[in-house]
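What follows is a short report on a single structure.
Counting starts at 1 for both ligands and their atoms, following the listed order.
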Amino acid sequence: MQIQTTGHIANGLYVTGSAGVPVYLLDGPSPVLFDAGMTVLAQCYVNDIRAVLGTRSPAYLFLTHAHFDHVGAAGFFKNVWPDMQVVASAPGRDILSRPGAIALIRTLNAESVQMAKDEGLTPLNDAPFESVAIDDVADQGSCFELGAGTVIQALHCPGHTRDFMCYWIASKKILIASEAVGCDDGTGYIQPEFLVDYDCYMANLTQLARLDADILCPGHKMVVTGDDARDHMRRSADYAHRFLAMVETFLTEADGDIDAATAKVKASEWDPRPWPKQPEHAYLLNTRQRVLKTWNRMQFLQENAPGRTRAM
Ligand SMILES: [Zn+2]
């Protein structure tokens, strides 16, 4: 099943705030949050989380990666629940302490206010993004015990961003994959998310598919369950493969001009997509990166092609 609304999904897992830019809540003896969405929606998340937890506080906030629409409300949450431990990878912690990164996250969040208004979401938070101190670092395989047999296992999946962590809850077969898998834009098209390394992204998809999650939580738009979760994993790989081929064609036609190829990708992928969708500035930043990484990969494969003789 594809679930495109907020509320209870199954096994104590909730989507809060907005299905488009969700914060996931897993309730239990020690409730936990995954990701912190956008700054403008901070109060929407808090209201939905409080509706479930009442006066209880989340024990942890697990961050998947330090993109503006995944850490936006982290500082706001820490003010609401000061005892909550914020967890990220070591590279994620470093990004969230860098002034340049914080300024970019603040700008991209400010640019998203109008989109939230257009969607009619309330109440909106007008305050700018505030960064957050990371209390605990997750490495590959780190486990966090929540009691009642629930363990959160962190998995380093650096194909989307270098700091990327997925979170796997084996006893509930829930995978917080975020953008380690593609995001269905609501039309059935799955946007590939490899910003760092296509081959690593594909290898991560293979590893994550082996977990055989029953409840798959991508970064945006929907939660997918059962056979649809398995299908989403397969289609993520399929669309990434096709996307790579398309970008390679555009790059060849443009003689390696990254900006020209990026404009063609945007015309084919983003322009026809109905609103609400990823804001244009954030889309272009990410897409230029996907195109650049594809070009670097093409160059590498050409230089290392079998039979090629190198000048001595
Ligand atoms: Zn991202």
Considering residues at least two apart in sequence or located in another chain, which fulfil the side chain to side chain donor-acceptor pair (under 3.5 Å) criterion with Gln43?
Asn47
Charged N-O contact under 4.0 Å between Lys264 and Glu253:
yes
Within the 3.5 Å criterion, strictly below it, is a donor on Asp163 or His65 matched to an acceptor on the partner's side chain?
no
Under the side chain to side chain donor-acceptor pair (under 3.5 Å) test against Gln191, which residue among His220, Arg273, Lys221, Glu179 passes?
Arg273
With 2.8 Å as the limit, jot down which protein N, O or S atoms are around the Zn ion (ligand 1).
His65 NE2, His67 ND1, His160 NE2, Glu179 OE1
Atom CZ of Arg162 with >12 non-hydrogen neighbours under 6.0 angstrom
no
Main-chain N/O of Ile134 paired to Arg93 side chain as donor or acceptor, under 3.5 Å
no
